[in-house]
> 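Here's a structure for you.
In this text the structure is predicted, and so the values were computed from the model without any measurement.
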Amino acid sequence: MSASNDARTYPPVDLVAEARRWIGEDPDSTTAADLARVLEAAEAGDAAARADLTSRFATTLAFGTAGLRAELGAGPNRMNRIVVRRTAAGLAAHLLGIAAGAYAPRAVIGYDARHNSDVFAEETAAIFTAAGIDAFLLPSALPTPVLAYAVRALDAEAGVMVTASHNPPRDNGYKVYLGGRAVDDAGRGAQIVAPADAAIAAKIDYDGPLAAIQLADDGWTVLPESIADEYAGAVVALSPATEANRAERSATSIVLTSLHGVGSATMLGVFDRAGFSHVTPVIEQAEPDPDFPTVAFPNPEEPGAMDLALATAERVGADLVIANDPDADRCAAAVDVPGSGWRMLRGDEVGALLGSHVASGIASGLAAGNDDGAAAPVFANSIVSSRLLGRIAAAHGIEHHETLTGFKWISRVPRLTFGYEEALGYCVAPDLARDKDGMSAALVLADLAASLKASGGSLPQRLDELAVEHGLFATNQLSVRVDSLARLGEMMARLRAAPPSSLAGSPITRAQDLGTGGDLPPTDALLYVSGDDSRVIVRPSGTEPKLKAYLEVVEPVASVPDLPAARERAGERLAAVKNDIAAALNA
C-alpha cells in the first residue's frame, strides 16, 4: 500500500532502552516474548539481531492514504496491538474533531482471517466506543467488499478493514474509509486520500503512555451475519437469474479459488443464487488459512498461485476459472484457449471485457427506452491501465476518465459506472461498494462467459472481436527491484535528466512529468508516448522497493485472420520498448 506521509524517523535512540520500554508496555505476550528474544541476542553481540532492532525501532510505521501495512511483530515499525491502538485513537480523534459535538460519528470495522486481524478489529471497536463513537463490528472474518458495502449501507463516517490483502502471511494492515457526514459526496464510502491521511496522522500520538488510550469493555454493536447476506443479495441483483439465462448459466462450469482467503463462502453463495449451479471450489484453498500453505505468495498474479485452480479446471472440463485474492477485493480469471491451453487473462483484458459488457448493457437499456433520467454514465481507469477502455467508451458515446493509480482515485470519479485498474481491480457497481470488488466483478464476468458460450462464442473470441473493432492493445511491465528506497529516487532523477528519445524506433512525441500535475494531482511518474502510439509510464511501486514501467503498444487489426501477425508485431514492439526503457534506466 502506498503512503502519502514519509515514515516518522526518530532521533538516534538507545535501541535497548526502547525495546525494554516496549516489552514493559506491550499488551501482547507473544510479541513481547519475541522482542525479548531479539533483545537478548542483540545484547549478546548478534549483528542480525541488532539490525532487527534497528528495523523495528528506527522509524514509526507511516500512516498514509492506504492506512497501514507491514510485517507483524513488536516495535513502532511493525503491525501490532500498540500501533493499532494508537492509530485507532488517532482516527477516533479525527472523527470527533469533524463532528465537533454536532453528532456522534459512526464507524464500522471489518477483518479478514490473517493472524491477529480479529484482535486488531475488536480493540479498534473498543477504542472507538470508549471515545464516544458508535462502533459496529462485522460478525466474522469477511471480505473487504462487505466492509465497503457496510460503510455505505450504515451511512457510517468511517470504515476500518483489517487486512493485508494479497501480501505474504507475515503481514497485516489497516485500511481506512471515510463516509457519512465526514466527507463530501465524491468520496463517500471510499478509501481516504490527501489531505485526510495527513489530518488523521496528525492525531496519532506516537509517544504518549499507552495506558492513556481507553478501551471499553463492551458497548459496540456486533452486526448480524445477515450483513454478508445483504451484500450478496445486492451483488446478485446486479445480474440475477432469470428464465432467459438460467439454462445457459447452469451449463457453464466454473472453478473457484479463494487462495485460503475469506471470499469462498460469500462467492459460492452469490454464484448459487445467480443460477450458476456448476461451480467447483479448489478444496485445498477453500478454507481461510492465515499461513497460505499451498502458495508461495497469495496473489493470483504470482507464478504458481493458480496451479491448483488450473489443474482442477482441466480435470472437470471447466469453462472459466475465477480467483479472488485473500480479502476478495480483486478478481483474476483464466480461460481455455483452443490450441493453446489454459492461460490467465491480464487485468487489462478483463477490464476490457467487463467494460464492453457494461457498455453493451447501457446501450441495450437505452434502446429499450429504459432511460429513467439517471445521470450520464462514466467509465474510468488508472493511468497505468490500457487505453482500450477509452476506445470502448468512445464507441458507445460514454464519457471516460483516467485517474491516478489506486481505487481511492477511481472511485471518486463523478457519475462512475464502471472503473478498473490493471492490477485485477474492478468496480462494476459503485453504488454498492465504492471500491474494487472481486465478487461482483466475478459474477458479471461469469454472466458474460455464459452468454457467449450459449451463442457459440467465448471470452477469447470476444477479445479478438474487440481487437478488430478498436485495435490490438498489447501491454507488459518492466520491474526493477532495488535494495534501497533511495535508489528509486536516483533512477527517476536519471530519467528526468536523460529521457529516452524514441520507443522501438519511433520518436517520442509526448513526454510528461506527472510530478508537476496538470489534469491530475501531482504524482511521481513519467509518461512517454511515441509517434506510433507506443506508451510507457514509469513510477516507483507503492507497495514494494522497485521501479515499475508500464508498457503498451497498439497494432491495427484488419480482421480476425490478421490477429496472429498483429500479435507477433506487437510482441516485437513491446520487447523493443522494454529494451529502450531498460537502457534509459541503466544509462
Side-chain angles (χ1 to χ4, degrees), residues 248 251-252 318-321 333-364 366-367 379 381 385-398 400 402 418 420 422 426 444-477 503-507 509 529-536 550-578:
E248 61 190 38
T252 301
D319 300 298
L320 177 66
V321 171
V335 293
D336 189 6
V337 180
S340 301
W342 283 90
R343 79 168 180 91
M344 288 283 294
L345 294 177
R346 289 182 173 272
D348 285 318
E349 291 177 314
V350 175
L353 288 167
L354 290 173
S356 175
H357 190 46
V358 172
S360 296
I362 293 170
S364 296
L366 292 174
F379 283 5
N381 56 263
S385 300
S386 173
R387 292 165 290 175
L388 176 55
L389 184 65
R391 295 277 184 94
I392 292 170
H396 287 83
I398 295 173
H400 174 261
E402 286 187 326
F418 170 71
Y420 94 95
E422 49 77 37
Y426 315 97
V444 174
L445 187 66
D447 172 53
L448 174 59
S451 62
L452 288 172
K453 180 182 179 182
S455 62
S458 66
L459 293 177
Q461 286 181 20
R462 180 63 186 134
L463 287 171
D464 289 350
E465 292 169 1
L466 290 173
V468 174
E469 292 171 23
H470 307 290
L472 177 65
F473 286 70
T475 60
N476 203 347
Q477 289 187 23
L503 297 174
S506 178
T509 56
V529 180
S530 66
D532 64 0
D533 212 20
S534 299
R535 187 193 68 172
V536 174
Y550 301 82
L551 324 174
E552 182 174 53
V553 301
V554 185
E555 280 287 336
V557 182
S559 62
V560 170
D562 185 44
L563 271 169
R567 289 195 175 101
E568 185 174 350
R569 293 193 302 271
E572 292 171 352
R573 285 177 59 194
L574 277 175
V577 169
K578 193 172 186 178

> Okay, side chain of Tyr426, backbone of Gly347: is any donor-acceptor separation there less than 3.5 Å?
yes
> Under 4.5 Å between any side-chain heavy atoms of Leu459 and Leu445, yes or no?
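Yes, at least one pair of side-chain atoms sits under 4.5 Å.
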> According to salt bridge (charged side-chain N to carboxylate O under 4.0 Å, His left out), does anything in residues 444-455 pair up with another residue at least two apart or in another chain? List the pairs.
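For residues 444-455, and leaving out neighbouring residues, the salt bridge (charged side-chain N to carboxylate O under 4.0 Å, His left out) pairs sorted by first residue read Arg249-Asp447, Asp319-Lys453.
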> Who passes ring pair (Phe, Tyr, Trp, His ring centres under 6.0 Å) against Phe418, sequence neighbours left out?
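Testing Phe418 for ring pair (Phe, Tyr, Trp, His ring centres under 6.0 Å), a comparison that skips the adjacent residues, returns Phe379.
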> Evaluate the side-chain proximity of Asn381 to His400: yes if any heavy-atom separation is below 4.5 Å, no if none is.
yes
> Is a donor on one side and an acceptor on the other found under 3.5 Å between the side chain of Ser506 and the backbone of Asp532?
yes
> Kindly say whether Val554 contributes a backbone atom to a donor-acceptor pair with the side chain of Asp533 at under 3.5 angstrom?
no
> Under the side chain to side chain donor-acceptor pair (under 3.5 Å) test, which residues partner Gln477, sequence neighbours left out?
Glu422
> Within the structure provided, determine whether Ser360 and His396 are in side-chain contact (heavy-atom separation under 4.5 Å).
yes
> Going by the rule side chain to side chain donor-acceptor pair (under 3.5 Å), which residues pair with Glu248 if we only count those two or more places apart in sequence or in a different chain?
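Result, side chain to side chain donor-acceptor pair (under 3.5 Å) vs Glu248: none returned.
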> Hey, could you give me each pair passing salt bridge (charged side-chain N to carboxylate O under 4.0 Å, His left out) that has a residue in residues 553-566? Not counting sequence neighbours.
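Pairs touching residues 553-566 that pass the test: Glu555-Arg569, Glu555-Arg573, Asp562-Arg569.
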> In Å and rounded to the nearest 0.5 Å, what is the CD1 to CD1 distance from Ile398 to Ile392?
9.5 Å
> Give the table of side-chain donor-acceptor pairs shorter than 3.5 Å for residues 464-474, with sequence neighbours excluded, one pair per line with atom names and distance.
from	atom 1	to	atom 2	distance (Å)
Asp464	OD1	Arg567	NH2	2.6
Glu465	OE1	Arg462	NH1	2.9
Glu469	OE2	Arg462	NH1	3.3

> With the side chain counted from C-beta on, respond yes when Ser458 and Leu452 share a heavy-atom pair under 4.5 Å apart, and no when they do not.
no
> Look at Glu552 together with Arg346 and state whether they make a salt bridge at an N to O cut-off of under 4.0 Å.
no
> Restricting to non-hydrogen atoms, name the atom on Gly355 and the atom on Leu389 that form the minimum distance, rounded to 0.1 Å.
CA-CD1, 3.9 Å
